[in-house]
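Working notes for the structure below.
This is a predicted model, so every value here is computed, not measured. Numbered from 1 within each chain, the chains take letters A, B, ... in sequence-line order. Hydrogens, waters and symmetry mates are skipped; everything else that's a heavy atom, side chains included, is used.
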There are 4 protein chains.
Amino acid sequence: MPAAKKKTTTANASPERRRELLNIAAEVFAAHGYNATTVRRIADEAGMLAGSLYYHFDSKESMLDEILSSFLTELWDGYDAVLAAGLGPRQTIEALVTESFREIDRHRAAVAIYQKEAKHLAAQPRFGYLADSQEKFEKAWLGTLERGVADGIFRADLDIRLTYRFVRDTVWVAASWYRPGGQHSPEEIARQYLSMVLDGIAVRA
Amino acid sequence: MPAAKKKTTTANASPERRRELLNIAAEVFAAHGYNATTVRRIADEAGMLAGSLYYHFDSKESMLDEILSSFLTELWDGYDAVLAAGLGPRQTIEALVTESFREIDRHRAAVAIYQKEAKHLAAQPRFGYLADSQEKFEKAWLGTLERGVADGIFRADLDIRLTYRFVRDTVWVAASWYRPGGQHSPEEIARQYLSMVLDGIAVRA
Amino acid sequence: MPAAKKKTTTANASPERRRELLNIAAEVFAAHGYNATTVRRIADEAGMLAGSLYYHFDSKESMLDEILSSFLTELWDGYDAVLAAGLGPRQTIEALVTESFREIDRHRAAVAIYQKEAKHLAAQPRFGYLADSQEKFEKAWLGTLERGVADGIFRADLDIRLTYRFVRDTVWVAASWYRPGGQHSPEEIARQYLSMVLDGIAVRA
Amino acid sequence: MPAAKKKTTTANASPERRRELLNIAAEVFAAHGYNATTVRRIADEAGMLAGSLYYHFDSKESMLDEILSSFLTELWDGYDAVLAAGLGPRQTIEALVTESFREIDRHRAAVAIYQKEAKHLAAQPRFGYLADSQEKFEKAWLGTLERGVADGIFRADLDIRLTYRFVRDTVWVAASWYRPGGQHSPEEIARQYLSMVLDGIAVRA
DNA sequence: AATGAATGAGTCTTCATTCAT
DNA sequence: GATGAATGAAGACTCATTCAT
């Protein structure tokens, strides 16, 4: 009499150990790229043999999946709270940028991976949620910018989609150089970025 | 037997064919990432068999090398001309940004590859010139910004290194979405980007 | 400009070489079982390295697939000809048995593999044709037997499905001991088997 | 340190639990083949973890061993009784066939495994008893048939070895489709098989 | 008796590269 | 200039097995 079949998803193992291992994996993926990272390298870094990782995870891809999806989950928790707060366009942008830098602070590796790999991963069914997230993301930011233009708060003489990309990239690329625990706190970096993006770097006449 | 070991095959073949093949390779590298791109894929795209590429090139890596180095050569031709022109800080930044968007227009694939792979490639001796270029690049941009701050043209209340990264990333990330022959000319995109970077997106009080 | 994309099915390579390799593979599969056979073993037997087989075939499974499907194709060519000939039940059975032994003679390895692996393979979508074939097979044999019983040519006091299995197994199991080029020709073996099946081994009173 | 290396764990545990587990294992081996069966699959089916099986058994192979050897032991108990009874050739064949179907009824899984794996296992020293059994088996059956031919009870115009294989395979292959508790009792199936084998399926003129 | 976590050997497969033709 | 066939090294993954708890 079969007892508990189909526990194949390898969701065994204590969540803490999984987290540890995922952090290690994320770090290596971020540093060398997903494809260039060997499972063995991750295992080395974790002090175990390559095959042992498969006790905790189904595959290298499922590690990536879990890293990205848990990052996006947290990100959207923060974003949704901001968007639900009913702030004005400028305050919304400020809050989104600040929240973004906080996420970069907490999930630097995941963000870096996201930057490098999201585009081609989004094509695979398994990573369809990346495309979904991108769409939702665009709607939130672009919508806020448009509202700001309509309200006369943001400049109307700029191509709004260009502006969107400008702000978006400006924020996320930071993951490529940001180091947690560095000179500036995420909030301070956000403040400076916002100042640049909103007011420009030129001295006002 | 003469000692002319390597490079017996390479560099035969008409330069035009090489260029064609490198363009194809660059496109595929840009789309899927260098590591994820198989030589066979490039060959498929070129209508030949994988092995046949080795009549034209020493290795997959040498294709990458040639793509990146010829891009950087052109880039520095443009940059050096700008830097030698003796312009003021603001005009220099304007000219560098414009030149950069022109390079993105001409070498979109190469720039995209550069963005994704430069960081980890720079560690390898063969790609040492990437690190050199990055250093020279930083010197040029950061120097100009510092000059601008000293001259009272750029704001002094911002962390200058943060500003540098902001401008640098802002420009190059554009390669990830830019499509040659699109709605805006490189010059027009440069103009809008400059307006954002210099004056900010907020309406002036 | 991509020329001839999507030739991924690895149906390159001269058909003769493929056949040679498939014969080798079939022999090894038959001797040790599909699962217990390593790709390396096949390659060894073929005088090449394991990886080299992948120039000719997509996977170990596709070798198995090709072995089984090409056997079944030939088998049904023969069977269909017999069934289309409009013979009486007894003559049909005789012809089917004879044809079967000829197939065993020509495809001994494939038949042995079929015997061992068909049952669990048939569950996989890729090998669905095995189930189809089994069904068609049953229809042909069982139908002929039923016709024979109706015509008063075969005994009516036996469970007809039991009889079907008896005849079916009787024939195919022979693949496990048959060696081509042995003492008896396939036709001679067929003659003796038919004599046993039709008349029994007991001396008639 | 005493020299009692192996078998420290094994053979602990209540014999009933062992039996249960062996039955489960046999079922899985029979369904998917020994090699294709993972220890984890057996454990799943038994509602425990893979490692836990090693409290009861030394190895996967030892499970197989125990399954096959205990089947053969029982089989020979039955056969030996028949052979010792001093029956005539026809009655001996009848008794052996009946006994065989009873074994199939009791040890269906073991018989199915035996059919699939015996040939290549027999080569390994550990399973030498399989070869021994086969030899003894052949001696018993072939001898009885020869005696029958000599006595004028069985036909003399057939190749006796072919006849032997015919009868042998005819009986054992039944394990591949037989389901205990089905429509016919083992004795009834034996009766029908004997009728076919002895008298043939054709209506007597 | 059984679990959780790991080992280590081995498997299939991929892929850059070579080279005779 | 290109093909066809192969090499060889490496990679992801599997699985029987071990063992402390």
Dot-bracket pairing map - DNA chain F, Watson-Crick plus G-U, both contacts under 3.5 Å, | cross-strand = .||||||||||||||||||||

Might you point out which heavy atoms bring Tyr54(A) and Ser59(A) nearest each other, and give the distance in Å?
-> CE2-CA, 3.8 Å

Identify the heavy atoms of Arg17(C) and His56(C) that sit nearest to each other, and give their distance.
-> CG-CE1, 3.7 Å

Please test Leu64(A) against Lys60(A) for side chain to side chain contact (heavy atoms under 4.5 Å, CB included), starting from the C-alpha separation and ending with a verdict.
-> CA-CA 7 Å; Leu64(A) 177 63; Lys60(A) 183 184 165 188; over 6 Å; no

Close side-chain approach of Tyr129(A) to Asp65(A), heavy-atom, < 4.5 Å = yes

Any side-chain heavy-atom pair of Leu130(D) and Leu72(D) under 4.5 Å | yes

Listed by chain and number, what are the side chain to side chain contact (heavy atoms under 4.5 Å, CB included) partners of Arg19(B), not counting sequence neighbours?
-> Leu22(B), Asn23(B), Ser70(B)

Calculate the interatomic distance between [X] atom [atom1] and [N] atom [atom2]; express it in whole Å.
X: Met48(C); N: dG8(F); atom1: CE; atom2: C1'; answer: 14 Å
X: Arg41(C); N: dT11(E); atom1: CZ; atom2: P; answer: 11 Å
X: Phe57(D); N: dC15(F); atom1: CZ; atom2: P; answer: 20 Å
X: Asp44(D); N: dT3(E); atom1: CG; atom2: P; answer: 11 Å
X: Leu49(A); N: dA6(E); atom1: CG; atom2: P; answer: 10 Å
X: Ile42(B); N: dT17(E); atom1: CD1; atom2: C1'; answer: 13 Å
X: Tyr55(B); N: dT21(E); atom1: OH; atom2: C1'; answer: 15 Å

Would you indicate, yes or no, if dG4(E) has its OP1 or OP2 atom less than 4.0 angstrom from a side-chain nitrogen or oxygen of Arg17(A)?
-> no

OP1 or OP2 of dG4(F) under 4.0 Å from side-chain N/O of His56(C) = no

Taken in chain and number order and not counting sequence neighbours, the residues that satisfy salt bridge (charged side-chain N to carboxylate O under 4.0 Å, His left out) with Glu27(B) are Arg108(B)

N/O-N/O pairs, protein side and nucleotides 10-14 of chain F side, under 3.5 Å:
from: dA12(F); atom 1: OP1; to: Thr37(A); atom 2: O; distance (Å): 3.2
from: dA12(F); atom 1: OP1; to: Val39(A); atom 2: N; distance (Å): 3.4
from: dA12(F); atom 1: OP1; to: Lys60(A); atom 2: NZ; distance (Å): 3.2
from: dA12(F); atom 1: OP2; to: Val39(A); atom 2: N; distance (Å): 2.9
from: dC13(F); atom 1: OP2; to: Tyr54(A); atom 2: OH; distance (Å): 2.5
from: dC13(F); atom 1: OP2; to: Lys60(A); atom 2: N; distance (Å): 2.9
from: dC13(F); atom 1: O5'; to: Tyr54(A); atom 2: OH; distance (Å): 3.3

Between Leu53(B) and Ala36(D), just flag the one whose closest nucleotide in DNA chain F comes earlier from the 5' side.
-> Leu53(B)

Pairs under 3.5 angstrom only: tabulate donor-acceptor contacts from the side chains of residues 40-48 of chain C to other protein residues two or more places apart or in another chain.
from: Arg41(C); atom 1: NE; to: Glu45(C); atom 2: OE1; distance (Å): 3.2
from: Arg41(C); atom 1: NH1; to: His32(C); atom 2: NE2; distance (Å): 3.4

Using atom types as modelled, flag every donor-acceptor pair under 3.5 Å from a side chain in residues 110-117 of chain A to any protein atom, sequence neighbours excluded.
from: Lys116(A); atom 1: NZ; to: Ala30(A); atom 2: O; distance (Å): 3.4
from: Glu117(A); atom 1: OE1; to: His120(A); atom 2: NE2; distance (Å): 3.3
from: Glu117(A); atom 1: OE2; to: Tyr34(A); atom 2: N; distance (Å): 3.0

